[in-house]
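Working notes, structure below.
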Amino acid sequence: MPRFKNILVTGGAGYIGSHCVVTLLEAGHEVIAIDNFTNSVEDEDGSPALQRAEKITGKKITFYKADLLDKPQINAIFDKHPVDCVIHFAALKAVGESMQQPLLYYQNNLLGMLNLLEIMRSHNCYQMVFSSSCTVYGEPEHLPITETHPTGSITNVYGRTKYFIEEMLKDLSAADDKWNIISLRYFNPVGAHPSGLIGEDPTKEFTNLMPFLAQVALGKKPVLTVFGTDYNTPDGTGIRDYIHVMDLASGHVAALNLLSQTHIRLKVYNLGTGKGVSVKELVNVFERVTKAKVPLKYVDRRLGDISAMWADTSLAKEELGWSTQLTIEEMCTDFWRWQTMNPDGYPKKTKKTEIVV
Ligand code: NAD
Ligand code: WQD
């Protein structure tokens, strides 16, 4: 039995949250998940992703439809359940939308976090794992990127919400040593659970490479637009550190283990593979392992994109005892299995249910 038994997962119905819930249940944790379904599918019984997580693991999840902006609702959940640690995934994450609607992003991501921290404190719960992002680094000054790389020169509002939250966490842990927090800076999460039962199915518009690539391979979109062929990279296309979502999930269990054993106050870790893969390389691997054809159209660079980014993963290896296990081939195969088994994503039902605490 892990030392932290009851884990509250915010944004548990979302892409990374639902995969992490599977890994948490398999590691012996009890999960209380909350989500307001702004970017995940809801059905008559709640979250189809979490129902499938129950099917995969044979374990039960306590789920509440709840919004972090609704303080009384979140407070009531904490009143009802003793929470040992919170994993905070819930956020809005679309870079383009964040530039058009900055207040929506500041309200949801910053106020949501503030509410959560206040409620945690009032319930004597001081342990948290926070979903941060490699986006906090902005344009890299050196590669691979270590956790000590400067942060804050970010040109999009979404990324700034992650940066501001990290700054807020620094102030909080400096002011009160009861807090014990790990901020995980994810690189580019892709892939799906190997069962093909759960995967990425956002309800908002998405622009990320892997889901777009899969839609083109499925014939749902005609062509994959490759943004930029003149980067200073070996094949001219952008380079990223793609990480399998199941490896990312196990990174959270490693973070929980460290938090439960050591009072670290606040630590930041990169979660990536340490390897950079270009757009062209990813498309080639995807076509090879899936046997699907992906028509490409080359266009100019996308505004705000950086050229190349990959993680230095040595700190996570040393201190969390964690490293990735899954290859780029497995990321493509597992994502494709999810897409072909669920070409329209999770079954969507029309009737909405309110789950009242
Ligand atoms: P996601 O959109 O699939 O999941 C987030 C979930 O949070 C969604 O189900 C959404 O409905 C929920 N949510 C949002 N605001 C909420 C609120 N106020 N109250 C309750 N629920 C709310 O996104 P994801 O890809 O699973 O990302 C999870 C976290 O990881 C986010 O914080 C994101 O910023 C971060 N992250 C994601 C990536 C990526 O590329 N996917 C990379 C780095 C960091
Ligand atoms: C990857 C590469 C594109 C789509 C985003 C967020 C960032 C973080 C991770 C949350 C780039 C190229 C893409 C397409 C393409 N998320 N591309 N055609 O840009 O690294 O970052 O996700 O924290 O905040 O900004 O990811 O998947 O959009 O792009 O050529 O249709 O694929 O130019 O080189 P990115 P991405």
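Every number for a ligand or one of its atoms is a count from 1 in the order of the listing. All values reported here derive from a predicted model rather than from experimental measurement.
Although no hydrogens or angles enter the test, the distance criterion places no donor-acceptor pair under 3.5 Å between the side chain of His81 and the main chain of Ile77. Side chain of Asp241 to backbone of Gly272: no donor-acceptor contact under 3.5 angstrom is found. A distance-only check finds no donor-acceptor pair linking the side chain of Lys162 to the backbone of Ser132 [under 3.5 Å].
In terms of protein heavy atoms, atom 30 (O) of ligand 1 is closest to Tyr186 CE1, 3.3 Å. Summary of contacts: the protein heavy atom closest to atom 4 (O) of ligand 1 is Gly14 CA, 3.5 Å. Scanning all protein heavy atoms for the shortest distance to atom 11 (O) of ligand 1 gives Asp35 OD1, 2.7 Å. At the top of the distance list for atom 41 (N) of ligand 1, counting protein heavy atoms only, stands Lys93 NZ, 3.6 Å. The nearest protein atom to atom 17 (C) of ligand 1, hydrogens excluded, is given as Asn36 ND2, 3.3 Å; this is a heavy-atom distance. Summary of contacts: the protein heavy atom closest to atom 14 (C) of ligand 1 is Thr38 OG1, 3.4 Å. In terms of protein heavy-atom proximity, atom 5 (C) of ligand 1 is nearest to Ala91 O, 3.9 Å.
Between Leu68 and ligand 1, an N or O atom pair is found at a separation short of 3.5 Å. Between Asn208 and ligand 1, no pair of N/O atoms sits closer than 3.5 Å. Checked by distance only, ligand 1 and His88 stay at 3.5 Å or farther apart across all their nitrogen or oxygen atoms. Checked against a 3.5 angstrom limit, the closest N/O atoms of Phe89 and ligand 1 fall inside it. Taking distance alone, with nitrogen or oxygen atoms compared against 3.5 Å, Ser133 stays at or beyond that limit from ligand 1.
Under the 30°/60° scheme for interplanar angles, the aromatic rings of Phe212 and Phe206 are found to stand perpendicular. The aromatic rings of Tyr346 and Trp338 lie tilted to each other, with the angle between the two planes from 30° to 60°. Aromatic ring orientation, Phe37 versus Phe63: tilted (interplanar angle from 30° to 60°). Ring orientation note: the planes of Tyr158 and Tyr105 are nearly perpendicular, at an angle over 60° on the 30°/60° scale.
The pair Arg121-Glu118 does not count as a salt bridge, with every side-chain nitrogen at least 4.0 angstrom from each carboxylate oxygen. With salt bridges taken as basic N to acidic carboxylate O contacts below 4.0 Å, none links Glu54 and Lys59.
When non-hydrogen atoms are compared, ligand 1 lies under 4.0 Å from the side chain of Tyr158 (C-beta onward) but not from its backbone. Counting heavy atoms closer than 4.0 Å to ligand 1, residue Ala66 contributes backbone atoms (N, CA, C, O) but none from C-beta onward. Within the 4.0 Å heavy-atom criterion, the part of Asn108 lying near ligand 1 is the side chain and not the backbone. Here Cys134 has no heavy atoms under 4.0 Å from ligand 1, in either its backbone or its side chain.
When Val9, Asn39, Ile16 are checked for heavy-atom proximity to atom 37 (C) of ligand 1, Ile16 turns out nearest.
At least one heavy atom of Pro189 sits under 4.0 Å from some atom of ligand 1. At least one heavy atom of Ser132 sits closer than 4.0 Å to an atom of ligand 1.
Sorted by chain and number, the heavy-atom contacts of ligand 2 below 4.0 Å come from Val95, Ser133, Thr135, Tyr158, Asn188, Thr207, Asn208, Leu209, Leu224, Thr225, Val226, Phe227, Gly238, Arg240, Tyr242, Val279, Arg302, Asp305.
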- Query: Can you check ring-ring contact (aromatic ring centres under 6.0 Å, His included) on His252 and Phe130, steps first, answer last?
  - Reply: CA-CA 9 Å; His252 290 73; Phe130 169 61; over 10 Å; no
- Task: Kindly determine whether Trp310 and Tyr242 satisfy ring-ring contact (aromatic ring centres under 6.0 Å, His included), including the steps that lead there.
- Result: CA-CA 9 Å; Trp310 63 91; Tyr242 298 96; over 10 Å; no
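Residues passing the side chain to side chain donor-acceptor pair (under 3.5 Å) test with Asp344, sequence neighbours excluded: Lys220.
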